[in-house]
Participant: 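First, the structure itself, so that you have it in front of you.
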Amino acid sequence: MIKMMMCKQATRLMSKRLDVPLSLKERFALRFHLSMCNACSECDKQFELLHQAGQHYQDSPTPQETPASDV
Amino acid sequence: MATATTNDNQARMQRLAAVRPRLVSFARLQLREPALAEDAVQEALATAIEKDAEFAGRSGYETWVFGILKYKILDSLRAQRRQGRWQPFDDESDDDAIDRQFQQNGRWQVAARPSDWGDPEASFANEHFWRVFDACMIALPDNIARVFSLRELMGLSTADICKETGLKENNCWVILHRARLRLRACIERGFLSRHDL
């Protein structure tokens with residue numbers, strides 16, 4: 001019987017997989033957890049969004065310190 | 001022909017002026033000192049003007065300028081490190097900010113459970129999202145922010161981050177995990193509540 005990984009541990013793996021490929025065992029454990037846990041699925045999407053944010057930074061709208069009237 | 005070139009130059013200068021605030025914010029998130037960020041951006045702009053002829057239009061002009069800035073930021077980070085201006089990395093101790101999100105048994109605290117942020121593209125097009133993102137990045141401890149920026153803003157691999165920081169790869173993953181959990185909690189508070197931070 002597989003002991004289900006807890007959420008904190010699952011977030012560790014969803015973070016790690018954005019940096020390096022996971023082992024087969026890790027992938028399986030994470031997929032199993034995500035299929036059962038809504039909160040972690042949301043967290044996984046949020047990590048993915050943060051991961052993409054870096055590439056989007058240069059296209060971000062309206063420079064923060066510039067008054068809109070300058071545009 | 002000469003007139004066309006001059007017009008091109010003028011158009012580029014205007015685009016540089018327009019992108020400057022974003023360059024400054026980008027540099028500030030990583031260098032953590034406004035004066036150093038200004039310096040890096042000045043140098044990047046000077047290089048962009050000087051090497052204007054080398055811009056072959058392969059990618060967007062702003063992307064090209066951001067690329068130049070990334071090199072300047074790396075130079076500046078290396079100088080900071082050489083000068084001993086980085087606090088030592090402390091990745092052994094527990095992180096209270098993370099522990100507050102989980103119960104003893106490893107499940108989410110009810111109040112910290114992640115919610116749906118909606119369509120990522122809509123977030124990226126939303127000015128408020130970026131204000132919150134910047135504020136949350138600035139709120140991160142310098143050490144954590146530095147590793148996260150190298151990974152997610154500069155696009156370095158964790159192996160390359162080890163070379164830049166002297167960290168072991170395993171410690172890198174620990175720090176990135178903390179950074180992501182802190183950022184997600186901070187952004188969720190600021191972005192979904194629509195409060196300014």
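Every chain is numbered from 1, with letters handed out A, B, ... down the list of sequences. Below, all heavy atoms of this structure are taken into account, side chains as well, without hydrogens, waters or symmetry copies.
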Participant: Anything under 30° is parallel, anything over 60° is perpendicular, the rest tilted; go ahead and classify B:Trp130 against A:Tyr57.
Facilitator: perpendicular
Participant: In terms of heavy-atom pairs under 4.5 Å with chain B, which of A:Cys7, A:Cys40, A:Ala10, A:Gly54 leads?
Facilitator: A:Cys7
Participant: Under 4.5 Å between side-chain heavy atoms, counting indirect links through other Ile/Leu/Val/Met/Phe/Trp/Tyr residues: same cluster for B:Ile73 and B:Tyr71 or not?
Facilitator: no
Participant: Give a yes or no on this: more than 12 heavy atoms of other residues, nucleotides or ligands lie within 6.0 Å of atom CZ of B:Arg85.
Facilitator: yes
Participant: Against chain A, label B:Leu29 side chain, backbone, both or neither, depending on which of its atoms sit under 4.5 Å from a heavy atom there.
Facilitator: side chain
Participant: Is there a path of hydrophobic side-chain contacts, each under 4.5 Å between heavy atoms of I/L/V/M/F/W/Y residues, joining B:Ile138 to B:Leu150?
Facilitator: yes
Participant: So, for A:Leu18 and B:Arg151, which heavy atoms are closest and what is the spacing to 0.1 Å?
Facilitator: O-NH2, 2.7 Å
Participant: At a 4.5 Å cut-off on heavy atoms, which part of B:Glu121 comes close to chain A: side chain, backbone, both, or neither?
Facilitator: side chain
Participant: Does either side chain, that of B:Glu152 or that of A:Gln55, offer a donor lying less than 3.5 Å from an acceptor on the other one?
Facilitator: no
Participant: Under the ring pair (Phe, Tyr, Trp, His ring centres under 6.0 Å) test, which residues partner A:His56, sequence neighbours left out?
Facilitator: B:Phe124
Participant: Do A:Glu42 and B:Ser115 touch side chain to side chain, with heavy atoms closer than 4.5 Å?
Facilitator: no
Participant: Can you name the ring pair (Phe, Tyr, Trp, His ring centres under 6.0 Å) partners of B:Trp108, sequence neighbours left out?
Facilitator: B:Phe102
Participant: So which atom in A:Ala39 and which in B:Pro114 form the shortest heavy-atom distance, rounded to 0.1 Å?
Facilitator: O-CG, 3.4 Å
Participant: Decide yes or no for B:Ser123 and A:Leu49: does some side-chain heavy atom of the first lie under 4.5 Å from some side-chain heavy atom of the second?
Facilitator: yes
Participant: Report which part of B:Phe66 has an atom under 4.5 Å of a heavy atom belonging to chain A: side chain, backbone, both, or neither.
Facilitator: side chain
Participant: In this structure, would B:Met154 and A:Val20 fall into the same cluster of hydrophobic residues linked by side-chain contacts under 4.5 Å?
Facilitator: no
Participant: Supply the atom-to-atom distance A:Ser15 OG to B:Ile175 CD1, rounded to the nearest 0.5 angstrom.
Facilitator: 11.0 Å
Participant: Let's test your reading of the structure: which of B:Leu176, B:Leu153, B:Ile98 forms the most heavy-atom pairs below 4.5 Å with chain A?
Facilitator: B:Leu176
Participant: Between A:Lys8 and B:Asp99, is there a side-chain heavy-atom distance shorter than 4.5 Å?
Facilitator: yes
Participant: Please list, chain by chain and in numerical order, all residues satisfying side-chain hydrogen bond (donor to acceptor under 3.5 Å, both in side chains) with A:Asn38, sequence neighbours excluded.
Facilitator: none
Participant: Can you tell which of A:Arg12, A:Lys45, A:Gln9, A:Met14 has the highest number of heavy-atom pairs within less than 4.5 Å of chain B?
Facilitator: A:Arg12
Participant: Evaluate the side-chain proximity of A:Met6 to B:Arg107: yes if any heavy-atom separation is below 4.5 Å, no if none is.
Facilitator: yes
Participant: Can you find a pair of side-chain heavy atoms, one from A:Thr11 and one from B:Arg180, that are under 4.5 Å apart?
Facilitator: no
Participant: Which residues in residues 35-45 of chain B have any heavy atom lying under 4.5 Å from a heavy atom of chain A?
Facilitator: none
Participant: Is B:Ser157 close to chain A through its backbone or its side chain, or both, or neither, when contacts mean heavy atoms under 4.5 Å?
Facilitator: neither
Participant: Spell out, as yes or no, whether a donor-acceptor pair under 3.5 Å connects the side chain of B:Arg184 to the backbone of A:Gln46.
Facilitator: no
Participant: Of the backbone (N, CA, C, O) and the side chain (C-beta and beyond), which part of A:Gln52 lies under 4.5 Å from a heavy atom of chain B, both, or neither?
Facilitator: both
Participant: For B:Arg113, is the CZ atom crowded, meaning more than 12 foreign heavy atoms sit under 6.0 Å from it?
Facilitator: no
Participant: Name the member of B:Phe129, B:Phe148, B:Trp173, B:Trp117 that forms the most heavy-atom pairs with chain A at distances under 4.5 Å.
Facilitator: B:Trp117
